[in-house]
Amino acid sequence: EFRRVLFRSTLKTELSLLRSQVSPHFMFNVLNNMVALARKNSEQLESSLIKLSSLMRYMLYEADEEKVSLEKEVDYLQSYIDLQQQRFGKKLKVNVTMHAPDKQYELEPMLLIPFVENAFKHGTGMIENPTIDIELEVQKNILRFTVRNKYDPASEEIKDKTSGIGLNNVQRRLNLLYGNNHSLMINRQDNAFVVSLQIFLT
């Protein structure tokens, strides 16, 4: 019994640490977006700040919960995508498909965002005709999440010290939280980087 309590305590501490590592990295990227809009004197800055406020509210008050509603997590994702879309404008094509779930679901907060962050980070820049496809579906307790972005192996930039933190973090979280109740496939095919995640939500 003592070992079980100790394991749960250790698990909770590690998950808390991993979750805390997401927020600063994410905020760094979002604030860079705000600076870019301010420099352009963009009319979109006001709406972007409102979205940023919503994101911060989620991160400060919801992300500490063990679980949140899928609806809140999807709203968080959509706000982030909107902010990025405003930043890149017509230079980037983003296709988002969020199917309505068959019932109410819960999952750990900020679990899906690293995959979307990664797509925007590595699927833009010098990529010709950059395109990002994001699809989410939850039916019969199975969450299916796919993120696809174009990438150019020949011009793949040298990774900085923080590159890969998000994906390594979320892989660790998924293993701790869902174990055999999830599958994660990350593939490079036909100049596309594809992440396919499936989670059995109990």
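Checked against Asp133 for a side-chain hydrogen bond (donor to acceptor under 3.5 Å, both in side chains), the options Thr97, Asn149, Thr146, Asn95 give a single hit: Asn95. Residue Glu108 forms a side-chain contact (heavy atoms from CB on, under 4.5 Å) with just one option from Leu176, Leu174, Leu177, Val170, and that option is Leu177.
Under a hydrophobic clustering in which Ile, Leu, Val, Met, Phe, Trp and Tyr are joined whenever their side-chain heavy atoms come within less than 4.5 Å, directly or via other members, Met98 and Leu197 fall into the same cluster. Tracing side-chain contacts under 4.5 Å through hydrophobic residues (I, L, V, M, F, W, Y), one reaches Ile134 starting from Tyr105; they form part of the same cluster. The same ILVMFWY cluster, assembled from side-chain heavy atoms under 4.5 Å apart, contains both Tyr151 and Ile186.
Within the 4.5 Å cutoff, the side chain of Lys103 has heavy atoms near those of the Asn141 side chain. Ile132 is not listed as a side-chain neighbour of Arg148, based on a closest heavy-atom distance of 4.5 Å or more. Between Phe145 and Ile199 the shortest side-chain heavy-atom distance does not fall below 4.5 Å. You'll find the side chain of His99 reaches within 4.5 Å of the side chain of Glu135, heavy atoms only. Side-chain contact check for Tyr178 versus Leu111: some heavy-atom pair is nearer than 4.5 Å. Between Ile142 and Gln198 there is a side-chain heavy-atom pair separated by less than 4.5 Å. Leu92 is listed as a side-chain neighbour of Val94, based on a closest heavy-atom distance under 4.5 Å. No side-chain heavy atom of Ser196 sits under 4.5 Å from any side-chain heavy atom of Leu184.
A donor-acceptor pair is defined here as one N or O able to donate and one able to accept, closer than 3.5 Å; no such pair exists between the side chain of Gln85 and the backbone of Tyr80. Using a distance-only test at 3.5 Å, with no hydrogens or angles considered, no donor-acceptor pair links the side chain of Asn181 to the main chain of Phe200. Asp102 places a side-chain N or O within donor-acceptor distance of the main-chain N or O of Lys140, the cut-off being under 3.5 Å. Judged purely by atom type and a 3.5 angstrom limit, Asn118 has no side-chain atom pairing as donor or acceptor with the backbone of Pro114.
Rounding to the nearest 0.5 Å places CG of Leu77 at 11.0 Å from CZ of Phe115. Rounded to the nearest 0.5 angstrom, Glu66 CD and Glu106 CD are separated by 10.5 Å.
Residues forming a salt bridge (Lys or Arg N to Asp or Glu O under 4.0 Å) with Lys93 (at least two apart in sequence, or on another chain): none. Asn191 meets the side chain to side chain contact (heavy atoms under 4.5 Å, CB included) test with Pro153; sequence neighbours excluded.
Open room surrounds CG on Asn180; 12 or fewer heavy atoms of other groups in view lie less than 6.0 Å from it. In this structure, Gln139 places its CD atom where more than 12 heavy-atom neighbours from other residues, nucleotides or ligands lie under 6.0 Å away.
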Which atom pairs, one a donor and one an acceptor, fall under 3.5 Å between side chains of residues 46-58 and the rest of the protein, sequence neighbours left out?
from	atom 1	to	atom 2	distance (Å)
Ser47	OG	Gln44	O	3.0
Ser48	OG	Gln44	O	2.8
Ser48	OG	Gln86	OE1	2.1
Lys51	NZ	Asp82	OD2	3.2
Tyr58	OH	Glu73	OE1	2.5

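The two residues Pro130 and Gly123 make their nearest non-hydrogen contact at CB-O, 3.2 Å.
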Next item on the list: Step by step, work out the side-chain contact (heavy atoms from CB on, under 4.5 Å) result for Val147 and Leu112.
Entry: CA-CA 10 Å; Val147 181; Leu112 306 179; over 6 Å; no
